[in-house]
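Note that ligands are numbered from 1 as they come in the structure, with each ligand's atoms numbered from 1 the same way. Being a predicted model, the structure only gives us computed values, none of them experimental. All values below were derived from every heavy atom in this structure, side-chain atoms included, with hydrogens, water molecules and symmetry-related copies excluded.
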Amino acid sequence: MKYDVTVIGSGPGGYVAAIRCAQLGMKTAIIEKYNVLGGTCLNVGCIPSKALLDSSEHFHNAAHTFKEHGIELENLQVNLEQMINRKAGVVKSNNDGITYLMKKNKIDVYNGLGSFVNKNKIKVTPESGEAQEIETEKVIIATGSKPTVLPFLPVDKERIITSTEALKLKEVPKHMIIIGGGVIGLELGSVYARLGSKITVVEFLDSIIPTMDRALGKELQRVLKKTLGFEFFFQHKVTGATNTGEGVKVTAENPKGETVTFEGDYCLVSIGRKPYTDGLNLEAAGVQMAERGMIAVNDHLETNVPGIFAIGDVVRGAMLAHKAEEEGVLVAEYMAGQKPHINYNLIPGVVYTWPEVAGVGFTEEQLKEQGRAYKTGSFPFKASGRAKASMDTDGFVKVLADKNTDEILGVHMIGPRIADLIAEAVVAMEFRASAEDIARMSHAHPTYTEAMKEACLAATENRAIHI
Ligand code: FAD
Ligand code: NAI
């Protein structure tokens with residue numbers, strides 16, 4: 001077979017790129033090594049983690065807040081097997097959805113490992129059966145990422161696990177030790193803490209979610225400690241972990257240089273992810289790599305080999321599904337002769353804990369580093385009528401605006417339904433709104449979105465109404 005474009009990898013980068021290519025009239029193939037489409041995000045990432053976050057949140061609320069609402073329950077129990085089965089059903093229904101979209105857009109799907117024979121020929125080797133070769137004019141590499149592991153801390157997938165195993169445990173851990181206080185550690189830690197596990201986070205730096213605006217990590221740390229009993233150990237350098245049969249022992253060096261030991265029954269290693277290119281045989285096409293295992297690309301996401309592009313987790317930038325999707329669309333449109341553009345500064349980052357956390361644009365730390373004159377406006381959810389009604393009063397919205405022009409430069413939020421609220425900030429910043437613009441727009445009452453308006457009012461002449 002001969003294609004205009006062949007996509008390798010069916011995650012959010014790859015399948016979205018394939019659809020956009022097909023929409024633009026290109027004869028398109030997609031190669032996926034596994035038998036299901038959707039990549040990390042759908043199978044072992046975004047979707048299953050959110051399914052478990054939702055289930056565990058229901059349990060936590062039933063156990064801890066229903067009574068206050070006047071709802072009394074007896075014999076409340078966790079059925080973990082059912083929770084995991086429901087999650088699997090959610091994943092399956094999305095797998096089917098992507099298969100349908102491939103058919104609808106007349107995209108040929110090949111299951112098997114894709115590897116370059118040369119720049120225009122790709123060999124597909126299925127798990128069983130004959131390998132075949134397909135010819136292609138152009139290629140989009142969207143092979144994603146895998147968890148980073150430490151050489152002195154081998155993951156045995158039984159007691160010392162990554163997010164993939166944590167999404168299908170057979171029991172609720174008594175004590176889970178989490179190495180890395182980033183997004184995965186806090187989301188999956190929240191799942192199990194809500195179901196009754198004790199959670200200990202051992203973090204190398206001095207804060208959780210350290211790349212986000214520092215005010216967010218500080219507030220999230222306070223709330224996770226208060227509501228779920230999280231324990232945090234900062235500036236601890238993990239030195240090893242052993243499976244003792246019944247549990248795990250994790251050793252670390254504390255800030256004083258002393259060795260400390262943490263004992264639990266599971267250890268989740270969540271210290272970041274690394275680009276995945278194993279088996280691609282990139283040398284055969286002459287594709288060059290960048291630092292830390294990434295594929296090197298230019299502003300159009302084209303590699304050093306004309307006609308071969310790379311997108312998503314396998315290239316530089318945030319390892320996020322929506323970033324990968326935007327890149328997939330960009331490459332397809334660029335191939336079709338259009339002039340697409342991505343504003344990387346406006347890709348929002350979200351953490352699906354409760355309260356949820358999100359940020360877009362520059363952090364306060366970045367503005368300080370740039371020496372830019374800025375002003376801030378904040379609004380706490382404890383002053384929001386809507387948040388009082390739902391008993392979700394932790395958190396705040398913080399707006400950073402240019403001191404002279406009032407243009408919004410960054411918005412950082414922690415609180416209820418923030419994952420959805422951040423979209424307003426993205427829209428405002430895409431259109432280069434000023435804080436005054438948002439402050440003057442009507443926001444329905446009572447909603448959590450009023451906190452954004454109030455924070456903008458606070459940023460413009462300190463005129464928030466409700467604080
Ligand atoms: P991937 O989704 O990793 O897909 C790559 C695909 O390529 C895989 O299916 C792989 O099997 C296939 N492949 C690799 N090599 C070959 C080959 N040689 N031949 C054929 N196929 C190949 N991001 C968010 O934005 N929001 C979230 O809520 C979120 N939650 C997450 C939760 C967890 C637990 C994890 C681990 C990640 C989460 N992410 C989230 C990150 C998100 O999953 C990734 O950023 C996203 O999946 C990257 O998309 P991609 O298309 O680049 O690669
Ligand atoms: P992460 O980069 O978010 O966090 C890793 C944390 O581990 C950091 O705080 C880092 O300082 C710490 N760390 C690194 N090495 C360490 C060590 N040796 N000892 C102790 N701590 C150490 O990575 P994470 O949580 O593994 O997630 C991987 C990627 O998946 C993220 O980059 C994120 O983009 C994506 N993801 C996104 C989600 C979302 O959008 N909601 C959810 C889950 C994952």
Side-chain angles (χ1 to χ4, degrees), residues 7-17 30-50 52-53 110-116 122-125 140-148 150 152-153 162-164 166-167 178-189 201-212 217 233-239 250 252-253 268-282 310-315 317-325 327-328 347-353 356-358 419:
V7 181
I8 310 180
S10 72
Y15 86 79
V16 168
I30 190 163
I31 306 173
E32 170 54 56
K33 143 174 115 150
Y34 292 117
N35 289 327
V36 286
L37 302 177
T40 303
C41 178
L42 170 50
N43 295 292
V44 289
C46 327
I47 299 296
S49 60
K50 266 81 258 178
L52 291 183
L53 277 158
Y110 292 86
N111 291 111
L113 183 81
S115 54
F116 283 95
I122 299 172
K123 181 170 159 191
V124 185
T125 312
I140 302 175
I141 304 169
T143 48
S145 61
K146 281 277 177 281
T148 302
L150 297 167
F152 52 85
L153 208 154
T162 68
S163 54
T164 303
L167 290 167
I178 298 180
I179 306 179
V183 207
I184 291 182
L186 300 177
E187 287 187 3
L188 294 178
V201 176
V202 185
E203 165 62 50
F204 185 64
L205 297 176
D206 62 357
S207 146
I208 52 171
I209 44 170
T211 53
M212 297 186 91
F233 291 86
F234 293 110
Q235 292 173 299
H236 275 61
K237 196 172 146 202
V238 173
T239 48
V250 177
E253 200 181 290
L268 169 65
V269 183
S270 50
I271 53 166
R273 294 179 60 88
K274 56 168 195 246
Y276 183 73
T277 54
D278 291 4
L280 268 177
N281 197 21
L282 288 172
I311 59 172
D313 281 10
V314 80
V315 301
M319 287 186 166
L320 295 174
H322 42 288
K323 177 257 193 188
E325 291 184 30
E327 291 186 335
I347 293 190
V350 176
V351 189
Y352 297 80
T353 45
E356 292 178 335
V357 183

task: Kindly compute the distance separating CG (L280) from CG (D278), expressed to the nearest 0.5 Å.
output: 8.5 Å
- request: Take atom OH of Y276 as the centre, draw a 6.0 Å sphere, and report whether it contains more than 12 heavy atoms from other residues, nucleotides or ligands.
  value: yes
List below, pair by pair, the N or O atoms of ligand 2 and of the protein that are less than 3.5 Å apart, including the distance to 0.1 Å; reply 'none' if no pair qualifies.
| unit_1 | atom_1 | unit_2 | atom_2 | d |
| --- | --- | --- | --- | --- |
| ligand 2 | 3 (O) | V183 | N | 3.2 |
| ligand 2 | 9 (O) | E203 | OE1 | 2.7 |
| ligand 2 | 9 (O) | E203 | OE2 | 3.3 |
| ligand 2 | 11 (O) | E203 | OE2 | 2.6 |
| ligand 2 | 21 (N) | F204 | N | 3.2 |
| ligand 2 | 23 (O) | G272 | N | 3.3 |
| ligand 2 | 25 (O) | V183 | N | 3.3 |
| ligand 2 | 25 (O) | I184 | N | 2.9 |
| ligand 2 | 26 (O) | G272 | N | 2.8 |
| ligand 2 | 34 (O) | M319 | O | 2.8 |
| ligand 2 | 40 (O) | V350 | O | 3.4 |
| ligand 2 | 41 (N) | E187 | OE2 | 2.8 |
| ligand 2 | 41 (N) | V350 | O | 2.7 |

field: Within the protein, residues bringing a heavy atom under 4.0 Å of ligand 1, chain by chain
entry: I8, G9, S10, G11, P12, G13, G14, I31, E32, K33, Y34, G39, T40, C41, V44, G45, C46, S49, K50, G112, L113, G114, A142, T143, G144, S145, S163, I184, R273, Y276, L280, G312, D313, M319, L320, A321, H322, A324, Y352
task: Assess whether atom NZ of K123 is packed by more than 12 heavy atoms of other residues, nucleotides or ligands within 6.0 Å.
output: no
task: Using the side-chain contact (heavy atoms from CB on, under 4.5 Å) rule, pick out the option among V350, D313, I347 that qualifies with L320.
output: I347
query: Would you call K323 and P12 a side-chain contact if the rule is heavy atoms closer than 4.5 Å?
result: no
query: Atom CG in N111, atom CD1 in I31: separation rounded to 0.5 Å?
result: 10.0 Å
- prompt: What distance do Q235 atom CD and F204 atom CZ have between them, rounded to the nearest 0.5 Å?
  reply: 9.5 Å
task: Report the distance from atom SG of C46 to atom OH of Y352, rounding to the nearest 0.5 Å.
output: 7.5 Å
message: Rounded to the nearest 0.5 Å, what separates atom OG1 in T162 from atom CG in L268?
response: 7.5 Å
